[in-house]
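Worksheet for the structure shown next.
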Amino acid sequence: MTADFLHNDTISLRAVELSDVDTLYRWENDTSQWATANTHAPYSRTQLWNYANNYDGDIYAHHSLRLMVCLQDTGTPIGTIDIYDFDPANNHATIGVYISSHHRGKGYGVQALALATDYARRSIGIEQMIAVTAADNIVAQAMLQAAGYRHCGTLHRRLRQGDTYGDAYIYEYTRTE
C-alpha cells in the first residue's frame, strides 16, 4: 500500500520497476523533449534496464530520486518526477516533472509536483526545492505556480536553443511558505 502522502484520488507516485523499462525508453528517447530535459543522446534499453534493475531509491547515496507518476485507478505510468542535486547538508534539491504527451493538460503535473514536494518535505526533510524552466515555457511556469512554487530569479542565456541562448527561470518552494 502506498503511503498517504504518495497518492491522492487521481495519481500515485511509486519507485521505478523493471516493467517500466519500455515506457522509460519511449519517454527518454522522445527527441521533442530533449531540450526541456537537457538530454543530448538516446538511451538504450540495456541502460534503462540496468538503471531500473539497480534502482534502490536511496536519495542520500545517489543525491537523486526518480518516482513514477501513475494513474491511481489503473496503475498506468503517465510520467516521472525527478528529485536531484540533493544536498543533505543544507536540505535542498532540484525537482523536475515529465508527463507523457497523451496525459498533459489534465492537471496531473500539478498534482504530481505537489505530492512529490510534500513527500520531500515530510520524509526527507528538504527545506527548499527549486525548479528551472525555460523562460518561454508558459505551461511549466503555470504548473509550478499552481503547485505553490514562486518565481525567484532568472538565469540569463542559460539554455541553448539551436544557435542562440534563452533565459531560464528559477522557481522555489520553501517549507516556510
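We use all heavy atoms of the structure for the numbers below, so side chains are in, but hydrogens, waters and symmetry mates are not.
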Interatomic distance, CG@L6 vs OH@Y119, rounded to 0.5 Å, equals 6.5 Å
Does atom CG (D73) have a neighbourhood of more than 12 heavy atoms from anything else shown, all under 6.0 Å? yes
Are D22 and R45 close enough, and set up right, to give a salt bridge (Lys or Arg N to Asp or Glu O under 4.0 Å), and what steps lead you there? CA-CA 7 Å; D22 287 337; R45 277 188 175 79; 3.0 Å; yes
Test item: side-chain donor near acceptor, S44 and Y25, under 3.5 Å: no
Under 3.5 Å, is there a donor-acceptor pair between the side chain of Q141 and the main chain of A135? yes
Gap between atom CD of E172 and atom CD1 of I95 - 0.5 Å precision: 14.0 Å
Indicate yes or no for a side-chain donor-acceptor contact from Q111 to the backbone of A147 under 3.5 Å, with no hydrogens or angles considered. no
Does CZ in R121 sit with more than 12 non-hydrogen atoms of other residues, nucleotides or ligands closer than 6.0 Å? yes
Pairs in or reaching into residues 78-104: which pass salt bridge (Lys or Arg N to Asp or Glu O under 4.0 Å), with residues at least two apart or in two chains? R66-D82
Please name the pair of heavy atoms, one in P77 and one in C70, separated by the smallest distance, quoted to 0.1 Å. CA-SG, 3.9 Å
Rounded distance [0.5 Å steps], CE in M143 versus CD1 in I138: 12.5 Å
Examine F86 together with Y60 and report whether their ring centres are nearer than 6.0 Å. yes
Taking atom OG of S123 and atom CG of L65, what is their separation to the nearest 0.5 Å? 10.0 Å
Just say parallel, tilted or perpendicular for the rings of H151 and Y171, cut-offs at 30° and 60°. perpendicular
Closer than 3.5 angstrom, by distance alone: can the side chain of D20 be matched with the main-chain N or O of E17 as a donor-acceptor pair? yes
Please tell me if the side chains of T80 and L67 come closer than 4.5 Å, counting only heavy atoms from C-beta onward. no
Side chain of T154, backbone of H156: donor and acceptor closer than 3.5 Å? no
Gap between atom CG of L113 and atom CG of L144 - 0.5 Å precision: 5.5 Å
Less than 4.5 Å apart, any side-chain heavy atom of L24 and any of M68? yes
Quick check: does any side chain N or O of D118 sit under 3.5 Å from a backbone N or O of A114, one acting as donor and the other as acceptor? no
Short side-chain to backbone donor-acceptor contact, D167 and R157, under 3.5 Å: yes
Are the side chain of N90 and the backbone N or O of H92 linked by a donor-acceptor pair below 3.5 Å? no
Are any of the side-chain heavy atoms of L48 and N50 separated by less than 4.5 Å? no
